[in-house]
Amino acid sequence: MKPIQLRVNGQAVERDIPDNTLLIDLLRNGLDLTGTKEGCSVGVCGACTVLLDGQPVSSCLTLAVTADGCEVTTIEGLTEGDRLHPLQKAFIDYGGFQCGICTPGQIMSAKALLDENPHPSKDEIQSWMMGNLCRCTGYYKIIESIQAVADGKVST
Amino acid sequence: MITFEYVEPESLEEVLALLEQHGEDAKVLAGGTGLINLMKQRLVQPAYLIGLRQLAHSPELAEIRPNSGLTIGALCSHRTIETSALIQHRLPLLATTFRHVASVRIRTAATLGGSLAHADPNQDPPPALLVLDARLRVQSHHGEREIELSDFFVDYYETALEPEELITTVIIPPQPADTGTAFLKFLPQTHDDYATIAVAALVSLDGDTIIRARLALGAAAATPLRVRAVETALRGQAPTPQVIHAAAALVAEEVDPLADFRGSVEYKRDMAVVFTQRAIEQAVTQARGASGNV
């Protein structure tokens, strides 16, 4: 067991966890933050994407002990009260999701992109988002949703 | 997930002492994108996992430093190398190659040293580093040594690294003027996939004579593969289409790819020849217009 202290969506969290706990399991099972989904479990599909100190990571490949002292942001951390994040609003308005299981990962990856590059080109969006798979193949709508936020077309 | 004890030393000396103490019972964790997958599949079952996170700001392990060539700390992430202004200026081949690796999310976590120690023959960086004559500085509790990257890869997921050793730095020697390079990754499927075949080429010209050539392939054998037969066939020749065609044809005998969903053995062998030819052509074109950078 290891003691860890981190901030998750702005809240201080302290836990004693087994050394082999994955970050996704800490989030989903330990903190009931089930917005983050587990897809492939090998870092390929992007469903489990969360931000670790602002950087996108696969929470299925990240040991929770290595998040000690870090700030973790999940899909639950994007809303302010009842107000959706512009990316969340855009994915609704522009049909950026179908079955929805990849959506939290898509939005967290998109957030990392816009944090680094607020006005990406379509090519830059496609290149950045290629690591987030959508088995419904709704890629055009996902790109449109992100582009809409980048173009300032979405108000919340 | 298997069970293990995670330790996170504060210094390189402590890491090396723990490696000395635990030997094969320990594994070093950097970005984790390779190792955690192997542990999930129980292919690797370390009793101790030594996290390098506290060394993330160590100058030696985490910085990119210019000298006559360049040294890159083993803990630099793929994304750091891809986006480094220094690398983009001095070694655009590496910036291009690292940009081809997996996805932004993986490149953010995966480190240079970690990927080399992982020694998956399908990776993109090893062929590019091989044509640049990269060397690895490795340290243990007993001292340090340098290993030529061309001597480092031993077999499928096996390297010349001893259990108590850690890769600390990758050294890229300076390249002569009039040198051109190319990295081509042939991907019939998605961009974040491993290559069907990947080729890196380097050519140095003196007038219209090739004075130095390097060629290496990824996804072509049990290890990243440097093909000296092609290099020898090019050296001393003028880079005519006939010379390049004949030299590229030699890779067919050298590659030993595995059949998988990215292609059959025959297909990969054919594509190795095609992409070797294209890579040499691109490197020659770049060398003719070179300003001293590669």
Side-chain angles (χ1 to χ4, degrees), chain A residues 1-4 17-25 38 40-70 105-106 108-110 112-113 115-117 120 123-134 137 139, chain B residues 1-8 10 27-57 77-80 82-83 96 99-111 114 118 120 187 189-194:
Chain A
M1 299 293 280
K2 288 278 184 298
I4 59 165
I17 56 165
D19 296 31
N20 64 355
T21 307
L22 292 163
L23 181 57
I24 188 161
D25 295 325
E38 183 159 17
C40 70
S41 308
V42 293
V44 170
C45 78
C48 70
T49 305
V50 299
L51 305 187
L52 188 63
D53 285 342
Q55 296 295 311
V57 297
S58 298
S59 59
C60 76
L61 291 184
T62 305
L63 290 178
V65 284
T66 65
D68 183 32
C70 296
Q106 301 278 3
M108 296 316 291
S109 284
L113 168 63
D115 286 350
E116 182 174 309
N117 178 4
D123 279 355
E124 286 171 328
I125 297 174
Q126 286 180 329
S127 168
W128 185 280
M129 297 299 298
M130 79 167 78
N132 286 80
L133 307 186
C134 168
T137 70
Y139 293 107
Chain B
M1 187 59 143
I2 59 166
T3 57
F4 52 84
E5 184 178 345
Y6 178 81
V7 285
E8 200 169 271
E10 301 279 335
K27 281 284 176 192
V28 165
L29 178 74
T33 54
L35 182 60
I36 298 291
N37 272 328
L38 294 182
M39 289 166 61
K40 282 186 171 187
Q41 295 169 67
R42 298 173 186 267
L43 293 169
V44 177
Q45 302 196 34
Y48 299 92
L49 202 54
I50 304 171
L52 299 185
R53 206 163 58 105
Q54 301 300 330
L55 308 186
H57 299 291
S77 73
H78 286 45
R79 182 105 176 108
T80 297
E82 168 197 355
T83 57
T96 302
R99 189 163 57 243
H100 277 89
V101 175
S103 60
V104 169
R105 194 178 57 252
I106 297 301
R107 295 200 294 277
T108 297
T111 64
H118 188 52
D120 180 332
L187 276 158
Q189 303 199 21
T190 60
H191 270 269
D192 58 341
D193 197 7
Y194 281 135

Quick check on [X] against chain B: is it the side chain, the backbone, both or neither that has a heavy atom closer than 4.5 Å?
X: A:L113; result: neither
X: A:T62; result: neither
X: A:D68; result: both
X: A:L22; result: side chain
X: A:C70; result: side chain
X: A:Q126; result: neither

task = List for me each residue that meets side chain to side chain contact (heavy atoms under 4.5 Å, CB included) alongside B:V101, sequence neighbours excluded, and say none if there are none.
result =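 For B:V101 the side chain to side chain contact (heavy atoms under 4.5 Å, CB included) partners, ignoring immediate neighbours, are B:H78, B:R107, B:D124, B:P125.
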Top of A:G46, A:S127, A:A112, A:S58 for chain B proximity - count of heavy-atom pairs under 4.5 angstrom =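 If we count pairs closer than 4.5 Å to chain B, A:S58 comes out on top.
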Results of side chain to side chain donor-acceptor pair (under 3.5 Å) for A:T66 - residues two or more places apart only = none
key: Residues in side chain to side chain donor-acceptor pair (under 3.5 Å) contact with B:K27, at least two apart in sequence or another chain   =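 By the side chain to side chain donor-acceptor pair (under 3.5 Å) rule, B:K27 matches no residue at all.
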request  = List the atom of A:G105, the atom of A:T49, and the distance in Å for their closest heavy-atom pair.
outcome  =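 That would be O-CB, 3.8 Å.
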ask   = How would you list, in number order, the residues of residues 32-47 of chain B that have a heavy atom less than 4.5 Å from chain A?
value = B:G32, B:T33, B:I36, B:N37, B:K40
Main-chain N/O of B:Y6 paired with A:D19 side-chain donor or acceptor, under 3.5 Å = yes
